[in-house]
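Index from 1, following the sequence.
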Amino acid sequence: MDEMQTNNRVILCGTPLSSPVFSHASRLEPFYTFPLEVARLSGTVDTVNILLREELLSELRPSRAGLIRVTGEVRSFNNHSGEGSKLVISVFARELSPPETPVWVNEVELTGTLCKSPNRRTTPMGREICDLMLAVNRLYGRSDYLPCIVWGQNARRAALWDVGTRVHLLGRIQSREYIKNLDGQAVRRTAYEISVSDIAALSGE
């Protein structure tokens, strides 16, 4: 079994929307997935895909409030099936447990390296945003590539960083729907990203 990572930590507390279904097998070990719904303080709901080993299926026991706590890591892979490649973001569950209190939780802590130049822009409402792509090392020489979105003063600072800058951030996983035009047809899709609440460049490493 993989060791727990220290540069990629996620804690979620939400409601499973359906029972786990088979996802894939790796080295003859089956993995399953299910969607977890997590509400924000604003009332907006994010739906996060949870990936887990078969051995954790018996631990999927929500509390009386219907909530379950998931501890794990954010993972990414490029899905090349269908029209073009698509970056798929999920949470790999290390532990499942009923929460101690019935409170929605969506917390992410990452340490990684900028692998693309920051893209600073302004929303139609005048908010400053900076898009980052963070490479987070995984065990056995692999990496996860995670899109992050930074706001306001943090966005202005992040826009000045170079590719290769090491950063540490806190935030949450958010999902958003968008419309993609494929062969003249409007197709509804879901994008996932890390909405950053605090970020800093690391020096002296």
Side-chain angles (χ1 to χ4, degrees), residues 1-5 8-110 136 138-140 142 144-148 171-180 182 185-195:
M1 180 179 294
D2 295 343
E3 299 177 12
M4 181 76 77
Q5 289 192 227
N8 186 337
R9 297 177 176 174
V10 181
I11 299 175
L12 300 174
C13 185
T15 303
L17 295 181
S18 62
S19 299
V21 296
F22 177 78
S23 170
H24 67 282
S26 177
R27 299 177 183 176
L28 302 180
E29 182 181 15
F31 289 82
Y32 293 79
T33 186
F34 69 91
L36 186 78
E37 186 176 79
V38 185
R40 307 180 198 174
L41 292 177
S42 64
T44 301
V45 173
D46 295 300
T47 302
V48 183
N49 295 315
I50 307 298
L51 184 68
L52 70 160
R53 287 186 165 97
E54 186 176 44
E55 64 193 45
L56 282 182
L57 291 177
S58 61
E59 303 299 321
L60 187 56
R61 299 190 298 268
S63 66
R64 291 183 179 180
L67 300 176
I68 192 163
R69 177 185 172 96
V70 179
T71 303
E73 301 138 23
V74 190
R75 294 282 179 90
S76 71
F77 76 94
N78 279 310
N79 184 359
H80 297 288
S81 63
E83 192 76 24
S85 63
K86 178 183 177 184
L87 187 67
V88 178
I89 305 295
S90 61
V91 168
F92 179 64
R94 294 289 186 181
E95 297 177 0
L96 299 177
S97 61
E100 295 181 0
T101 56
V103 178
W104 303 98
V105 177
N106 187 341
E107 299 176 354
V108 177
E109 182 177 7
L110 301 172
V136 179
R138 201 195 301 178
L139 297 174
Y140 312 116
R142 301 185 65 181
D144 292 292
Y145 297 91
L146 306 175
C148 304
R172 60 177 171 80
I173 303 175
Q174 70 177 22
S175 62
R176 56 180 176 84
E177 291 191 342
Y178 66 99
I179 303 298
K180 186 177 182 63
L182 295 177
Q185 292 187 343
V187 179
R188 187 179 298 275
R189 289 191 169 178
T190 302
Y192 298 91
E193 57 207 0
I194 309 300
S195 179

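- Across every non-hydrogen atom of Thr33 and Leu52, the tightest pair is N-CD2, 4.3 Å.
- Atoms OG and CG, from Ser97 and Leu67 in turn, are 11.5 Å apart once rounded to the nearest 0.5 Å.
- With a 4.5 Å cut-off on side-chain heavy atoms, Ile89 and Ser76 count as touching.
- Residues Val38 and Val105 have side chains not in contact (no heavy-atom distance under 4.5 Å, counting atoms from C-beta outward).
- Interatomic distance, CZ of Arg172 versus CG of Leu12, reported as 12.0 Å (0.5 Å rounding).
- Taking every heavy atom of both residues into account, Glu54 and Pro30 meet most closely at OE1-CG, 3.3 Å.
- Taking CD from Glu37 and OG from Ser175, the interatomic distance works out to 9.0 Å, rounded to the nearest 0.5 Å.
- Across every non-hydrogen atom of Pro16 and Leu60, the tightest pair is CG-CD1, 4.4 Å.
- The side-chain heavy atoms of Leu36 and Thr15, taken from C-beta on, include no pair separated by under 4.5 Å.
- A salt bridge links Arg53 to Glu29: one of the charged nitrogens lies within less than 4.0 Å of a carboxylate oxygen.
- Here the shortest heavy-atom pairing between Tyr32 and Pro20 reads CB-CB, 4.1 Å.
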Could you walk me through whether Arg69 and Ile11 satisfy the side chain to side chain contact (heavy atoms under 4.5 Å, CB included) test, starting with their C-alpha distance in whole Å, then the side-chain angles of each, then the deciding distance to 0.1 Å, before giving a yes or no?
CA-CA 7 Å; Arg69 177 185 172 96; Ile11 299 175; 3.6 Å; yes
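- Using a 4.5 Å heavy-atom threshold, the side chains of Val74 and Ile173 count as touching.
- One finds no salt bridge joining Arg9 and Glu73 here, because no Lys/Arg side-chain nitrogen approaches an Asp/Glu carboxylate oxygen to under 4.0 Å.
- Proximity of Thr71 to Val10: side-chain heavy atoms (C-beta onward) are nowhere separated by under 4.5 Å.
- Considering all non-hydrogen atoms of both residues, Phe31 and Phe92 come closest at CE2-CE1, 3.8 Å.
- Phe34 and Ser18 make their closest contact through CB-O, 3.7 Å (heavy atoms, listed as atom of the first residue, atom of the second, distance).
- The line from CG of Leu56 to CZ of Arg94 is 10.0 Å long, rounded to the nearest 0.5 Å.
- Of the charged side-chain nitrogens involved, none lies within less than 4.0 Å of a carboxylate oxygen, so that Arg176 and Asp46 do not count as a salt-bridged pair.
- Looking at heavy atoms from C-beta onward, Arg75 lies in side-chain contact with Arg138 at the 4.5 angstrom threshold.
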